[in-house]
J.: 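Pasting a structure below so you can have a look.
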Amino acid sequence: GKYFGTDGFRGEANVTLTADHAFRIGRFLGWYYGELKKRKGDSTPARIVVGKDTRRPGYMLEYSLVGGIVASGADVYMLHVATTPCVAFSAKKDAFECGVMISASHNAYYDNGIKLLNTNGEKMETAVLDLIEDYLDGSVYVFGDEYTELPLAGRDRIGYVIDYANGRERYMERLISLGVPLDGYKIGLDCANGSAWKMAKIVFEALGAEVHVTPLDEGMGWAMDPQCEATRDAEEALREAFGVDPVNKGEGGSIPFIPELQRIFPHAQVLVTGPEDPQSNAHSPNESVSVSGLRNDVVAEALLLDKLNHR
């Protein structure tokens, strides 16, 4: 879509993704799911669960999103800092109309994102995302009518905001139930200021481990040279495979082994590719790339390796 890709709506905070975007997304979600319930004869407010990672713009986007949701008459249950799987688990376990995760995963620190999950904890249906994009662009046709602005809730129809810390606790209880005894183990954790920074220690200690957490650290910064030969080869390969000019975007700087590779091999050009472990639960269960996109990815990688081989 125009705004929502495989992993949600991502971009540089206050440039590509703004507080106004978050508010309007909240407005649509709160109104749309409330209207769906109403049309099924259920007059109770829609319920939406929201989590976020630790990025600074997360608070700005969270408050804007929540303001839009309650202004449309839905209730918001706030997990605060939590992982995407925690939001997905809560959405399904507690039958929320949908879930929202404010995170850009491994994007650069100045980026942020909004991921939308359905009541099953899976990526929200494309049809609903298309409606949200239409609303963001100024006009949406839904339920047989055209809307440039959505109705606001009034008086006692304005939504509630509920602290939902027990949702995080239930998710941790689930993780503990799936774990194995770790008595006698010493485990070091470096959560890289991520959204699992608090839950991880609790879970491992509950399983019996002696846990040592790395103090907060800015880590080793790393940035590739956008003018190096490998970059130019990669751009040419992508252009040939996809038929359009590629765009540079800062991602992957938080992958810990990249700066370590650069330290050991200071003159090497680092290329990182590979599939994600399907059991990692890094994102919601059905996030994926399209078959055509994957085919182009494979072609681009083959072309790049061929170019590098002939240097």
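Bear in mind that the values here come from a model prediction, so they are computed numbers and not experimental data.
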J.: Could you check Ile25 against Val100 for side chain to side chain contact (heavy atoms under 4.5 Å, CB included), going step by step and ending with a plain yes or no?
T.: CA-CA 10 Å; Ile25 290 170; Val100 184; over 6 Å; no
J.: If you group Ile, Leu, Val, Met, Phe, Trp and Tyr by side-chain heavy-atom gaps below 4.5 Å, do Ile176 and Ile187 land in one group?
T.: yes
J.: Which atom names give the shortest non-hydrogen contact between Ala82 and Met101, and what distance separates them?
T.: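 In this case the closest contact between Ala82 and Met101 is O-CE, 2.9 Å.
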J.: Is there a side-chain contact between Asn112 and Arg56, using heavy atoms and a 4.5 Å cut-off?
T.: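 No, their side chains stay 4.5 Å or more apart.
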J.: Taking Arg27 for its side chain and Pro151 for its backbone only, find out whether a donor-acceptor pair lies under 3.5 Å.
T.: yes
J.: Closest heavy-atom contact between Ala237 and Ala300?
T.: CB-O, 3.4 Å
J.: Give the intermediate values and the outcome of side chain to side chain contact (heavy atoms under 4.5 Å, CB included) for residues Arg174 and Lys93.
T.: CA-CA 11 Å; Arg174 175 61 175 164; Lys93 181 74 173 176; over 6 Å; no
J.: Looking at side-chain heavy atoms only, is the closest gap between Leu207 and Val180 below 4.5 Å?
T.: no
J.: Under the 3.5 angstrom rule, does the side chain of Glu97 hit a backbone N or O of Ile48 as a donor-acceptor pair?
T.: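 Between the backbone of Ile48 and the side chain of Glu97 there is no qualifying donor-acceptor contact (under 3.5 Å).
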J.: What's the spacing between Glu149 CD and Ser139 OG if we round to 0.5 Å?
T.: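 Rounded to the nearest 0.5 Å, the CD-OG separation comes out at 10.5 Å.
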J.: Same cluster or not: are Leu29 and Val70 linked, directly or through other Ile, Leu, Val, Met, Phe, Trp or Tyr residues, by side-chain heavy atoms under 4.5 angstrom apart?
T.: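 Yes, Leu29 connects to Val70 through the hydrophobic network.
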J.: Looking at Tyr32, Trp31, Tyr135, Phe28, which one forms a ring pair (Phe, Tyr, Trp, His ring centres under 6.0 Å) with Tyr147?
T.: Trp31
J.: Does the plane of the ring in Tyr164 sit parallel, tilted or perpendicular to the ring in Tyr77? Use 30° and 60° as the thresholds.
T.: perpendicular
J.: Quick check for you: to the nearest 0.5 Å, what is the distance between Asp75 atom CG and Ile162 atom CD1?
T.: 4.5 Å
J.: Should Leu131 and Tyr33 be regarded as members of a common hydrophobic cluster, given that ILVMFWY residues are connected when their side-chain heavy atoms come within less than 4.5 Å of each other, either directly or indirectly?
T.: yes
J.: Look at Arg170 together with Glu173 and state whether they make a salt bridge at an N to O cut-off of under 4.0 Å.
T.: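 Answer for the salt bridge query: no.
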J.: Checking Asp20 against Thr18: is there a side-chain donor and acceptor pair closer than 3.5 Å?
T.: no
J.: So which atom in Lys2 and which in Asp137 form the shortest heavy-atom distance, rounded to 0.1 Å?
T.: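 Minimum heavy-atom contact is NZ-OD1, 3.1 Å.
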J.: Under 6.0 Å from the ring centre and within 45 degrees of the ring axis: does the NZ or CZ of Arg39 meet both conditions for the six-membered ring of Phe143?
T.: yes
J.: With side chain to side chain contact (heavy atoms under 4.5 Å, CB included) as the test, would you mind laying out the steps for Val213 and Trp197 before giving the verdict?
T.: CA-CA 9 Å; Val213 180; Trp197 73 274; over 6 Å; no
J.: May I ask you to decide if Phe96's main-chain N or O and Thr119's side chain share a donor-acceptor pair within less than 3.5 Å?
T.: yes
J.: Quick check for you: to the nearest 0.5 Å, what is the distance between His21 atom NE2 and Phe9 atom CZ?
T.: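 One gets 4.5 Å once the value is rounded to the nearest 0.5 Å.
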J.: Taking the side chain as C-beta and beyond, is there a heavy-atom pair between Ile69 and Val161 under 4.5 Å?
T.: no
J.: Ile114 and Tyr3: side chain to side chain contact (heavy atoms under 4.5 Å, CB included), yes or no, with the steps?
T.: CA-CA 10 Å; Ile114 296 177; Tyr3 300 104; over 6 Å; no
J.: Quick check on side-chain contact (heavy atoms from CB on, under 4.5 Å): which of Leu79, Thr83, Ile202 does Arg168 satisfy it with?
T.: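 Filter result, single survivor: Leu79.
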J.: What are the two closest heavy atoms between Gly30 and Ala74, and how far apart are they?
T.: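 Scanning both residues, the minimum pair turns out to be CA-CB, 3.7 Å.
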J.: Grouping I, L, V, M, F, W and Y whenever their side-chain heavy atoms are under 4.5 Å apart, do Leu36 and Ile132 come out in a common cluster?
T.: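 Leu36 clusters together with Ile132.
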J.: Give a yes or no answer on whether the side chain of Glu133 reaches the backbone of Phe4 with a donor-acceptor pair at less than 3.5 Å.
T.: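 Present.
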J.: Answer yes when Arg239 and Asp245 have at least one side-chain N-carboxylate O distance shorter than 4.0 Å, and no when they do not.
T.: yes
J.: Answer yes when Arg55 and Asp53 have at least one side-chain N-carboxylate O distance shorter than 4.0 Å, and no when they do not.
T.: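 Salt bridge present between Arg55 and Asp53.
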J.: Are Asp163 and His80 side-chain neighbours, meaning at least one heavy-atom pair lies under 4.5 Å?
T.: yes
J.: Would you check if Pro85 and Tyr171 make a side-chain contact, meaning some heavy-atom pair closer than 4.5 Å?
T.: yes
J.: Closest heavy-atom contact between Lys92 and Asn120?
T.: CD-O, 3.7 Å
J.: Return the NZ to CD1 distance between Lys115 and Ile102, rounded to the nearest 0.5 Å.
T.: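 So the NZ of Lys115 and the CD1 of Ile102 are separated by 12.0 Å.
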J.: Could you tell me if the side chain of Asp134 sits less than 4.5 Å from the side chain of Leu136, heavy atoms only?
T.: no
J.: Do Met60 and Leu17 belong together in a cluster built from hydrophobic side chains that touch within less than 4.5 Å?
T.: yes
J.: Any chance you could measure Glu301, atom CD, to Asn296, atom CG, to the nearest 0.5 Å?
T.: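 These two atoms lie 13.0 Å from each other.
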J.: Nearest 0.5 angstrom please: Lys198 NZ to Thr54 OG1, how far?
T.: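 Going from NZ on Lys198 over to OG1 on Thr54, the span is 13.0 Å.
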J.: Decide yes or no for Glu240 and Lys307: does some side-chain heavy atom of the first lie under 4.5 Å from some side-chain heavy atom of the second?
T.: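 The answer is yes, as the side chains (C-beta and beyond) meet within the 4.5 Å cut-off.
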J.: What do the steps show when you test Arg232 against Glu235 for salt bridge (charged side-chain N to carboxylate O under 4.0 Å, His left out), and what is the final call?
T.: CA-CA 5 Å; Arg232 291 197 296 271; Glu235 289 175 346; over 6 Å; no
J.: Output yes when a side-chain donor or acceptor of Arg10 lies under 3.5 Å from a complementary backbone atom of Asn107, and no otherwise.
T.: no
J.: Using modelled atom types only, decide if a donor and an acceptor are shared between the side chain of Asp111 and the backbone of Glu12 within a distance under 3.5 Å.
T.: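 Yes: the side chain of Asp111 pairs with the backbone of Glu12.
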J.: Search all heavy atoms of Val49 against all heavy atoms of Ser90 and return the closest pair with its distance.
T.: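 It is CG2-CB, 4.3 Å.
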J.: Are Asp297 and Phe242 side-chain neighbours, meaning at least one heavy-atom pair lies under 4.5 Å?
T.: yes
